[in-house]
Amino acid sequence: MKRIAIFASGSGSNAEKIAEYFSERPDVEISLILTNNPQAGVIQRARRLHIPVVIFDRTTFYETERISKLLQNESIDLIVLAGFMMLIPDFLVKSFANRMVNIHPALLPKYGGKGMYGQFVHEAVVAAKEKESGITIHYVNERYDEGNIIFQASCEVLESDQADDVATKIHALEHFHFPRVIDQVLAKSHL
Ligand code: GAR
């Protein structure tokens, strides 16, 4: 049995798609959903899906071993960042090297880095009059959005598209690809 922990800070639509994808699979479990945001929509989704939720604050995340210990006690094999907006502390990156993946709503290395998340990414893409955008799924290292890329997919950006239109296209790509790319990562021998 492979055990996944999902970290999310917002609505959690990706977390839900991942949970749905693996719901009939006896060999994979979404064991925990963790969030830094007590208002996050992902909390309601997790409750509906009967997945345990852990809410933590900044100090706990950066200055204690509580989250590391919890992941260890729960025998987590893979961490999935699905709209998680905090930088991962070094000690957690090290203990989950090549066992932590993130999704970013742009074609990295474009539109990545600190402050580039969610709607800000789509606004920047529209402002730059890009003809395409897309998604990047990558391993996580100590720096925002710089880990090795596992998968990318693109979509067209029309001249008439606003940031919301781009967001809709990106979410569709994410919901389709992220669960199956996670499935491929789980099949790798080091996990
Ligand atoms: C997703 O589009 C994800 O790519 C993005 O946040 C959104 C979360 O949506 N992540 C980042 O910007 C990380 N830098 P969701 O809460 O509906 O899954």
Side-chain angles (χ1 to χ4, degrees), residues 1-37 40-43 45-54 67-68 70-72 74-88 92-108 112 117-118 121 133-155 167-191:
M1 164 78 82
K2 298 282 167 68
R3 295 170 61 82
I4 297 178
I6 301 179
F7 284 66
S9 303
S11 139
S13 70
N14 278 287
E16 181 159 2
K17 289 290 170 193
I18 296 162
E20 280 171 3
Y21 176 96
F22 288 110
S23 63
E24 304 289 314
R25 285 272 297 270
D27 57 330
V28 180
E29 179 183 86
I30 310 304
S31 306
L32 277 183
I33 292 185
L34 301 99
T35 185
N36 60 309
N37 176 7
V42 73
I43 296 170
R45 294 189 201 257
R47 296 207 168 122
R48 232 175 29 237
L49 294 159
H50 304 291
I51 300 170
V53 189
V54 175
I67 301 299
S68 294
L70 176 67
L71 297 168
Q72 215 177 318
E74 292 285 328
S75 306
I76 297 301
D77 298 292
L78 181 73
I79 295 178
V80 172
L81 308 182
F84 185 62
M85 303 310 178
M86 293 174 80
L87 188 65
I88 305 296
L92 208 51
V93 172
K94 285 204 175 73
S95 50
F96 278 86
N98 292 316
R99 299 193 298 136
M100 189 181 327
V101 297
N102 178 45
I103 192 157
H104 186 77
L107 293 171
L108 291 173
Y117 58 86
V121 175
S133 190
I135 63 168
T136 303
I137 299 166
H138 62 93
Y139 288 110
V140 174
N141 69 11
E142 293 84 351
R143 289 175 303 281
Y144 277 115
D145 306 324
E146 288 186 23
N148 288 340
I149 292 175
I150 303 166
F151 176 86
Q152 292 186 303
S154 58
C155 61
T168 302
K169 293 178 189 181
I170 293 297
H171 263 119
L173 281 180
E174 293 184 329
H175 295 165
F176 179 72
H177 290 289
F178 202 15
R180 61 172 197 82
V181 172
I182 291 168
D183 206 357
Q184 286 165 8
V185 170
L186 284 174
K188 298 200 171 164
S189 58
H190 66 273
L191 274 169

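In this text the structure is predicted, and so the values were computed from the model without any measurement.
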Where do [X] and [Y] come nearest, in terms of heavy atoms and distance?
| X | Y | value |
| --- | --- | --- |
| I51 | A19 | CD1-CB, 3.8 Å |
| I103 | E174 | CD1-CG, 3.6 Å |
| S31 | I76 | CB-CD1, 3.9 Å |
| A8 | V42 | CB-CG2, 3.9 Å |
| I170 | P105 | CG2-CB, 3.7 Å |
| L191 | V185 | CD1-O, 3.2 Å |

Could you give the distance from [atom1] ([X]) to [atom2] ([Y]), rounded to the nearest 0.5 Å?
| X | Y | atom1 | atom2 | value |
| --- | --- | --- | --- | --- |
| E29 | S75 | CD | OG | 10.5 Å |
| S11 | N37 | OG | CG | 11.0 Å |
| M100 | K94 | CE | NZ | 11.5 Å |
| F7 | L81 | CZ | CG | 7.0 Å |
| I30 | I6 | CD1 | CD1 | 4.5 Å |
| Q152 | L173 | CD | CG | 11.5 Å |

### Message
Can you tell me how the ring of F151 sits relative to the ring of H177, calling it parallel under 30°, perpendicular over 60° and tilted otherwise?
### Response
tilted
Should the heavy atoms of other residues, nucleotides or ligands under 6.0 Å from CZ of F22 be counted, would the total exceed 12? yes
Taking C-beta and beyond as the side chain, do [X] and [Y] meet within less than 4.5 Å on heavy atoms?
| X | Y | answer |
| --- | --- | --- |
| I79 | V140 | no |
| R143 | L87 | no |
| L186 | I4 | yes |
| L34 | F84 | no |
| V80 | F178 | yes |
| N14 | H175 | yes |

Q | Evaluation steps, side-chain contact (heavy atoms from CB on, under 4.5 Å), between H104 and V121 | A | CA-CA 9 Å; H104 186 77; V121 175; 4.1 Å; yes
* To do: State whether a side-chain donor-acceptor pair under 3.5 Å links R45 with S13.
  => no
Does a donor on one side chain sit under 3.5 Å from an acceptor on the other, for N36 and S9?
yes
- Task: Decide yes or no on side-chain contact (heavy atoms from CB on, under 4.5 Å) for V28 and Y21, but give the supporting numbers first.
- Result: CA-CA 10 Å; V28 180; Y21 176 96; over 6 Å; no
Check your understanding: Can K188 and N98 be said to form a side-chain contact (heavy atoms from CB on, under 4.5 Å), step by step?
Key -> CA-CA 10 Å; K188 298 200 171 164; N98 292 316; over 6 Å; no
Determine yes or no for a side-chain-to-main-chain donor-acceptor pair under 3.5 angstrom, with [X] supplying the side chain and [Y] the backbone.
| X | Y | result |
| --- | --- | --- |
| D77 | R3 | yes |
| K169 | C155 | no |
| T136 | L108 | yes |

Could you check whether R48 pairs with E16 (Lys NZ or Arg NE/NH1/NH2 to Asp/Glu carboxylate O, under 4.0 Å)?
yes
L92/L71 under side-chain contact (heavy atoms from CB on, under 4.5 Å): CA gap, chis, key distance, verdict: CA-CA 10 Å; L92 208 51; L71 297 168; 3.9 Å; yes
